[in-house]
Amino acid sequence: MSAFINKRTKLVVQGITGRDGSFHAEQMKAYGTNVVAGVTPGKGGSKVAGIPVFNSVEDAVAKTKANTSVIYVPPAFAVDAIYEAVDAGIKLVVCITEGLPANDMMKVYPYVKDRGARLIGPNCPGLISPGESKVGIMPASIVKKGNIGVVSRSGTLTYEAIWALTEAGMGQTTCIGIGGDQVIGTNFIDCLEAFENDRSTKGIVMIGEIGGSDEEEAAKYIKKYVTKPVVGFIAGQAAPPGKRMGHAGAIISGGSGLAVDKITALNKVGIPVALSPIQIPALMKELLAGGKPLKAKAKTKKPAAKKAVAGKSAGSKSTKSTAVKSGLKKAAKATGKNKSVKR
Amino acid sequence: MKIHEYQAKEVFAAAGIHVPLGEMVTTPNRAEELAREYNAPVMVKAQVHVGGRGKAGGVKYAETPEAARVLATQILGMDIKGLEVKRILVTVAEDIITESYLGIILDRATKRPVIMVSPAGGVDIEEVAAKTPEKIFKLAVDPQVGLRNYQARNLAYKLYRDPLQVRKATDIILKLYNAFWKVDASLVEINPLITNTSGDVVAIDGKINIDDNALYRQPAIEEMRDIDSEEPSEVEAREGDLSFVKLDGNIGCIVNGAGLAMATMDLVKHYGGEPANFLDIGGSSNPQKVVTAMKIILSDPKVESILINIFGGITRCDDVANGIVEAFKQLDLKVPVVVRLTGTNEEKARQILKKVKLPYGDTLDDVVKKAIELAETTS
């Protein structure tokens with residue numbers, strides 16, 4: 001089990017003959033993704049890494065029954081590629097390309113939604129369900145099959161978090177990079193919902209950054225609807241206001257979008273926020289040990305789990321982790337609340 | 001990308017929005033000449049990309065052409081929040097009766113352009129927004145339908161009662177909405193939108209931010225870029241295809257990926273250091289990018305150590321390692337460098353780096369702590 005992509009995913013690669021497209025088509029295929037087709041107008045009839053190439057997504061879908069598409073075409077053509085995929089009946093479109101104009105995306109978003117499709121990205125690393133399917137550019141070597149769902153606005157920072165989990169022996173159900181742009185197809189809440197509904201996901205890691213209020217909205221959603229433990233991370237505490245930090249979305253404007261506000265919002269609803277990606281697995285272990293409402297022994301287990309956290313953070317010499325600690329306390333309270341809600 | 005007030009007014013005028021007569025000048029002579037030409041009192045306004053120009057003394061009223069010259073002399077060369085004033089706008093002064101606010105922003109939450117109007121416009125609009133949010137009226141426009149006439153009219157009624165002024169404001173709102181799309185703006189703002197003694201509705205100050213991702217199809221806007229008003233190192237970085245923001249600290253950071261770059265900066269701060277910059281070398285980076293990145297960071301005399309943190313996905317660690325070796329050859333490196341390369345082709349990278357014998361960190365936390373230690377020994 002997993003979110004959005006799995007063994008049934010049949011992938012068409014848009015822009016398959018390009019430098020990035022061909023490289024990653026091969027990588028995805030090697031990982032075991034069912035890559036059924038590629039599209040490059042004018043290159044129909046050829047093959048890339050044994051994958052048949054078509055002139056249009058429509059042709060590719062007609063011949064191969066592809067249900068998912070991934071986009072590697074250059075920015076000036078990527079908006080068109082999203083429309084093309086959706087019009088061809090693709091239900092999941094993953095846009096890796098970065099640099100799409102936000103105003104175009106404001107029109108794309110409702111178009112995709114109205115047709116019952118989902119867009120992930122743009123400007124994202126894609127997603128991977130370890131052992132089942134990989135769509136995008138995430139390095140397969142860092143993931144491991146398991147029961148943690150990871151959702152993030154970032155790319156390499158996500159790898160850092162996934163790697164920390166894998167090193168700690170905590171595998172993943174699905175890792176999703178939703179992208180760092182202003183207007184994105186799939187946000188935290190969509191992914192939280194998917195993880196909440198996915199039975200094999202036992203815990204969720206959410207990696208946010210400065211800009212906008214998606215993390216605050218996610219915190220509200222988690223309080224209302226998510227019963228599984230969530231660990232957070234927010235990048236950009238050292239970022240000055242008014243400067244765009246690489247991602248189009250990562251900018252503190254008009255006193256909103258601050259990292260500290262996001263951390264507070266998450267802590268308030270019982271979500272501990274790690275100060276370094278390295279702390280994520282320990283925090284998750286703590287929650288998984290203490291956060292199971294139906295186990296009577298949960299309470300007595302907590303001190304032991306806390307020791308584990310203390311041990312870990314001592315290992316990384318981060319004794320200043322007050323935000324983390326207060327988050328943990330609140331987390332304990334919140335899981336208590338969950339108990340009564342559940343019954 | 002930000003453009004200046006005088007440039008924003010050019011965009012407004014092209015969209016058919018009434019702006020006062022004015023021109024950008026760079027000398028006191030020309031300022032006096034213009035004021036004489038206009039044969040009316042003028043405003044002399046500093047053109048810098050920073051808020052609070054007025055409060056900093058960069059916006060002044062000149063009754064006479066002679067006064068315009070004096071004020072222009074004062075304002076040109078003035079330092080406003082670290083930016084030197086090199087351009088001023090000389091524009092006909094208006095007799096203001098009321099001041100309103102009109103703005104359109106790309107709203108992430110609704111994924112729509114949101115129009116905001118307030119009858120309480122002027123310099124304190126942010127305070128109005130914070131203290132009396134009920135005085136700000138908002139409308140999220142469905143981008144598939146566009147702004148309907150009645151919607152613009154209803155917003156105009158929030159500003160004025162006089163039917164003629166409502167009609168004029170409706171027209172301005174519709175035109176501003178079109179301009180927002182036309183120039184691929186992420187923000188357009190008229191503040192204040194005034195009524196004057198003759199009953200006209202006029203845009204006397206404005207601001208436009210353009211979506212960087214759309215600049216490729218906005219050549220006229222790209223030409224408005226004022227390189228003088230940007231940090232030189234940031235200009236060099238942009239030309240080298242790097243994402244860079246200069247900060248005040250002593251630890252230079254070279255990272256791949258914006259999120260990881262921010263997280264690295266955060267950890268530097270957490271462990272007691274101060275990041276000197278944000279720098280993302282991006283994906284699939286060639287060795288030359290690393291050299292450029294090192295050059296830019298070394299041009300900052302405050303930097304006491306350089307931290308290179310790469311998590312290889314698309315980026316190959318060996319490419320970065322080659323870049324580091326190349327940088328050591330080309331540059332006179334006097335500050336210590338500490339490296340952490342992990343992920344794609346990590347082993348190859350370690351082999352390559354043997355040539356330069358750099359301190360190596362295994363984890364993110366490790367490398368950050370080492371960079372701070374090394375900075376302390378340098379200083």
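Letters A, B, ... are given to chains in the order of the sequence lines, protein chains preceding strands, and every chain is numbered from 1. These numbers were taken from a predicted model, which means no experiment stands behind them. Heavy atoms only: backbone and side chains are in, while hydrogens, waters and symmetry mates are out.
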So, the side chain of B:Asp107 versus the backbone of B:Thr110: is there a donor-acceptor pair under 3.5 Å, distance only?
yes
Could you look at [X] and say if it's the side chain, the backbone, both or neither that has a heavy atom under 4.5 Å from chain B?
{"X": "A:Glu209", "answer": "side chain"}
{"X": "A:Thr156", "answer": "both"}
{"X": "A:Ala164", "answer": "neither"}
{"X": "A:Ile207", "answer": "neither"}
{"X": "A:Arg244", "answer": "both"}
{"X": "A:Asp114", "answer": "side chain"}
{"X": "A:Phe23", "answer": "neither"}
{"X": "A:Pro277", "answer": "side chain"}
{"X": "A:Tyr159", "answer": "both"}
{"X": "A:Pro139", "answer": "side chain"}

Between [options], which shows the greatest number of heavy-atom pairs under 4.5 Å with chain B?
{"options": "A:Ala250, A:Gly208, A:Gly211", "value": "A:Gly211"}
{"options": "A:Gly180, A:Gly236, A:Ala161", "value": "A:Gly236"}
{"options": "A:Asp214, A:Asp104, A:Ile142, A:Asp181", "value": "A:Asp104"}
{"options": "A:Gln237, A:His24, A:Met245, A:Gln182", "value": "A:Met245"}
{"options": "A:Arg153, A:Met138, A:Met105, A:Glu98", "value": "A:Arg153"}
{"options": "A:Lys107, A:Glu160, A:Glu217, A:His247", "value": "A:Glu160"}

[X] and [Y] ion-paired at < 4.0 Å:
{"X": "B:Arg316", "Y": "B:Asp318", "value": "yes"}
{"X": "B:Lys370", "Y": "B:Glu373", "value": "no"}
{"X": "A:Lys243", "Y": "B:Glu231", "value": "no"}
{"X": "B:Arg350", "Y": "B:Glu346", "value": "yes"}
{"X": "B:Asp184", "Y": "B:Arg217", "value": "yes"}

Can you tell which part of [X] gets under 4.5 Å to a heavy atom of chain A, answering side chain, backbone, both or neither?
{"X": "B:Gln218", "value": "neither"}
{"X": "B:Phe244", "value": "neither"}
{"X": "B:Leu215", "value": "neither"}
{"X": "B:Ala185", "value": "backbone"}

Go through the steps to decide whether A:Asp190 and A:Tyr221 satisfy the test side-chain hydrogen bond (donor to acceptor under 3.5 Å, both in side chains), and finish with yes or no.
CA-CA 10 Å; A:Asp190 299 316; A:Tyr221 180 87; over 6 Å; no
Parallel, tilted or perpendicular: which one describes the rings of B:His4 and B:His49, with boundaries at 30° and 60°?
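Aromatic pair B:His4/B:His49 classed parallel.
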Test A:Cys175 against every option in A:Leu165, A:Val150, A:Leu127 by the side chain to side chain contact (heavy atoms under 4.5 Å, CB included) rule and name the one that passes.
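So, applying the side chain to side chain contact (heavy atoms under 4.5 Å, CB included) to A:Cys175 and each of A:Leu165, A:Val150, A:Leu127, only A:Val150 qualifies.
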Which of B:Thr264, B:Thr342, B:Asn256 passes side chain to side chain donor-acceptor pair (under 3.5 Å) with B:Asn309? Answer is B:Thr264
Max heavy-atom pair count under 4.5 Å with chain A, selected residue of [options]:
{"options": "B:Met262, B:Gln144, B:Arg112, B:Arg108", "answer": "B:Arg108"}
{"options": "B:Leu247, B:Leu267, B:Asp280", "answer": "B:Leu267"}
{"options": "B:Pro143, B:Gly257, B:Ser243", "answer": "B:Pro143"}

Not counting sequence neighbours, which residues clear side chain to side chain donor-acceptor pair (under 3.5 Å) with B:Asn250? List them please.
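Here the qualifying residues are B:Glu304.
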With heavy-atom distances below 4.5 Å as the criterion, would you say the side chains of A:Met28 and A:Val13 are in contact?
yes
Measure the shortest side-chain to side-chain distance between B:Ile296 and B:Leu242 over non-hydrogen atoms and say whether it is less than 4.5 angstrom.
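Yes, their side chains come closer than 4.5 Å.
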Using the ring-ring contact (aromatic ring centres under 6.0 Å, His included) criterion, which residues pair with B:Tyr216? Sequence neighbours excluded.
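For B:Tyr216, no residue satisfies ring-ring contact (aromatic ring centres under 6.0 Å, His included) once neighbours in sequence are set aside.
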